[in-house]
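To keep things clear, I will list the structure first and then write my remarks on it.
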Protein chains: 2
Amino acid sequence: MTVISVHAPSHREALWELESAFERGDLITVFGRCTVSYAGRAASELGVGDRLLILKPDGAALVHTDEGRTPVNWQPPGSTHHAAVREGRLRVRSKRTNPAETLLVRFERVHQLSAMSVTGGRDLELHGSEEDLRTRVLERPELIAPGFEPVSTERETAAGPVDVFGVDDAGDPVVVELKRRRVGPDAVGQLARYVAAVRDELTGDGEFLADHEAATADDSVRGVLVAPSLTDRAADLLADRGFDHVALGPPADAGESVDALADDSDDSDDLDDSNTTAGSGSRPDESA
Amino acid sequence: MTVISVHAPSHREALWELESAFERGDLITVFGRCTVSYAGRAASELGVGDRLLILKPDGAALVHTDEGRTPVNWQPPGSTHHAAVREGRLRVRSKRTNPAETLLVRFERVHQLSAMSVTGGRDLELHGSEEDLRTRVLERPELIAPGFEPVSTERETAAGPVDVFGVDDAGDPVVVELKRRRVGPDAVGQLARYVAAVRDELTGDGEFLADHEAATADDSVRGVLVAPSLTDRAADLLADRGFDHVALGPPADAGESVDALADDSDDSDDLDDSNTTAGSGSRPDESA
DNA sequence: CGTGCCAGGTGCCTT
DNA sequence: AAGGCACTTGGCACG
């Protein structure tokens, strides 16, 4: 692990450090006064201001202001960074193809440049995703319906993969769509497409079927939307389609474990300080 | 504009600088070896490694590795940052409510800490959005259909706002849904919901209508999906519903202006260097 | 504040 | 490479 940091470098110096950092495959941050231009899927211009530019060895580029989680401009991984001094000013350009996109950062002044060699794990262990919800449903199928038996997951249909496919106690096919959070009308539409696809498939989709067979199949494919909750419109749509809602979310409510982290509270000797942003400005403290 | 930067500070020093930076409302970067825990809408654990932590005065917190455009962990704006030294180690916690979420970064070592006061424009001028596409449609309504006349934009319906609503040369209502890029089946579903809502509205939705009136209204509400292109499934669905597709994207193909940025090529005297990431590793250069 | 919807969405996986 | 979809999606505008 190494960190190189230069304070208020000349543009030439900055270029030199950038070159070296590129070669080393470092993670780079450049803080300075700059303008940003982007052209590709869309196009944008950003006037002069202080920004933090992050250049990653995988080709990602991020331009951050002092606000927001989302970078004001960026380039995805796989792009190619290129630095140059032009008219005495540092310029960083990041390009990619497919789609063709270019990000250009023109520095008026470089306040600081750092380059860091990064090591260590990148793999995040995440809980509470839709996959966890699926596991929960498969472990306790009765949550879907009294006699529900899962047959397959990610079952392919003409409309796309069905999250969980199975049969109910009457032997009728059941299409289950899982959502880890409260859903809107779009999720009902998604479920409807799957149900229609399975129905068409089971009725032979164009092949000849006796009327009563088709009618039976038509009604017999059930649709179940599993989600913690629904918006009103979604509920209406769901009712219109004759589908069911099962109120269920990812297991082991993450909300509880929040406390474990939040209750990092005081049983200790050391220093601390807080910065309250959301509330009353940046007045410090509120905690012990 | 000021930059404060400390190299390999002690945990106490780091805390001190963090406190000061919080008070000043600075943009902060902390590079160090750490583990990260998150609990809230989901929950996650990230093992030890070198990461770049960014703390913004608006409450946003980002944890970046050397890969990816998306932070490996984060907290949205509006959160409250809190720093402390615990068991001799720097800890940064970022909390928010609604939903309750906590991000905890435990530093094993702090390689570098910087605090920067940020000034300057944050407003991005973006071209090529859906709004630009709408403008284009309103300026040249004939692109939708020979005699199309727009009546309103963002017209409210029971299913949500219709992008552009108007009448065709036969006086029949037309529902237009705009998409700035190639679309899938979901967009067709969206259009279908709007068309159904308008149809219900015009047929009186439950009120009595003579059969022929209802039938007329039924067929007469047209649906038009405006997008550069469709996937096959979307096209099929669109045909099933009897809707139309108009192949149109945001104006002034951004693709061309890419060249303006890309053709930053050489008519100059100065230094430059490039870092090819996507291709052949990090061998430098390829340009003049 | 919730609902709905766009986004230069990004990222992941399958065909 | 394109399609389909989840995401701690984020962000905005509106009721």
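Note on naming: letters A, B, ... go to the chains in the order of the sequence lines (proteins, then strands), and numbering restarts at 1 for each one. None of the values given here were measured: they were computed from a predicted structure. The figures that follow rest on heavy atoms only: side chains count, while hydrogens, waters and symmetry mates do not.
Across all strands, Gln75(A) comes closer than 4.0 Å to base atoms (heavy-atom distances). If you check every strand for non-hydrogen atoms under 4.0 Å, Ser44(A) touches nothing. Across all strands shown, Asn73(B) has heavy atoms under 4.0 Å from base atoms, whether or not it also approaches the sugar-phosphate. Within 4.0 Å (heavy atoms only), Glu177(A) reaches sugar-phosphate atoms of the nucleic acid but no base atom. At the heavy-atom level, Ala159(A) lies under 4.0 Å from the strands shown only through sugar-phosphate atoms.
Rounded to whole Å, the distance from CZ on Arg134(B) to P on dC5(C) is 14 Å. Between the NZ atom of Lys179(B) and the C1' atom of dG8(C) there is a distance of 15 Å, given to the nearest Å. Spacing between atom CD of Glu130(B) and atom C1' of dG8(C) amounts to 14 Å, rounded to whole angstrom units. The separation between Asn98(B) atom CG and dG2(C) atom P is 5 Å, rounded to whole Å. Atom CZ of Arg193(B) is separated from atom P of dG4(C) by 9 Å (rounded to the nearest Å).
How far CG of Leu238(A) is from OG1 of Thr231(A): 10.0 Å, rounded to the nearest 0.5 Å. For the atom pair NE2 (His81(A)) and CD (Gln75(A)), the distance works out to 8.5 Å, reported to the nearest 0.5 Å. From Leu62(B), atom CG reaches atom CZ of Arg69(A) across 7.0 Å, with rounding to the nearest 0.5 Å.
Listed for the Asp244(B) side chain is no donor-acceptor partner under 3.5 Å among the backbone atoms of Val224(B).
Between Gln190(B) and dG4(C) there is no side-chain polar atom (N or O) within less than 4.0 angstrom of OP1 or OP2.
Using atom C1' as the reference point in both dC7(D) and dC6(C), the two lie 16 Å apart (nearest Å). For dG11(D) and dG11(C), the P atoms lie 15 Å apart once the distance is rounded to whole Å. Going from the P atom of dC5(D) to that of dG8(C) covers 23 Å, rounded to whole Å.
With sequence neighbours excluded, the residues satisfying side chain to side chain donor-acceptor pair (under 3.5 Å) with Ser37(B) are Glu45(B), Arg106(B).
Map Ser129(B) and Leu230(A) each onto its nearest nucleotide of DNA chain C; the residue landing nearer the 5' end is Leu230(A). Take the nearest nucleotide of DNA chain D for Gly160(A) and for Leu103(B): the residue whose nucleotide is more 5' is Gly160(A).
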Can you check each nucleotide of nucleotides 9-15 of chain C against protein heavy atoms at under 4.0 Å and return B for base, S for sugar-phosphate only, - for none, in 5' to 3' order? SSS----
Passes salt bridge (Lys or Arg N to Asp or Glu O under 4.0 Å), Arg134(A) versus Asp163(A)? Steps please. CA-CA 8 Å; Arg134(A) 175 173 53 199; Asp163(A) 283 341; 5.6 Å; no
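Where DNA chain D meets chain B (any atom under 4.0 Å from a heavy atom), the bounding nucleotides read 5' to 3' are dG3(D) to dG11(D).
For Ala42(A), counting side-chain heavy atoms from C-beta on, the closest listed nucleotide (dG8(C), dG2(C), dG4(C)) is dG8(C).
Within 6.0 Å of CZ on Arg140(A) lie no more than 12 heavy atoms contributed by other residues, nucleotides or ligands. Counting non-hydrogen atoms of neighbouring residues, nucleotides and ligands closer than 6.0 angstrom, the CD atom of Glu131(B) reaches no more than 12 such neighbours.
Put simply, the side chain of Asp186(A) and the base of dG4(C) share no donor and acceptor less than 3.5 Å apart.
A donor atom on one side chain and an acceptor atom on the other are not found under 3.5 Å apart for Arg96(B) and Ser79(B).
Ion pairing between Arg193(A) and Glu177(A) fails under the 4.0 Å rule for side-chain N and carboxylate O.
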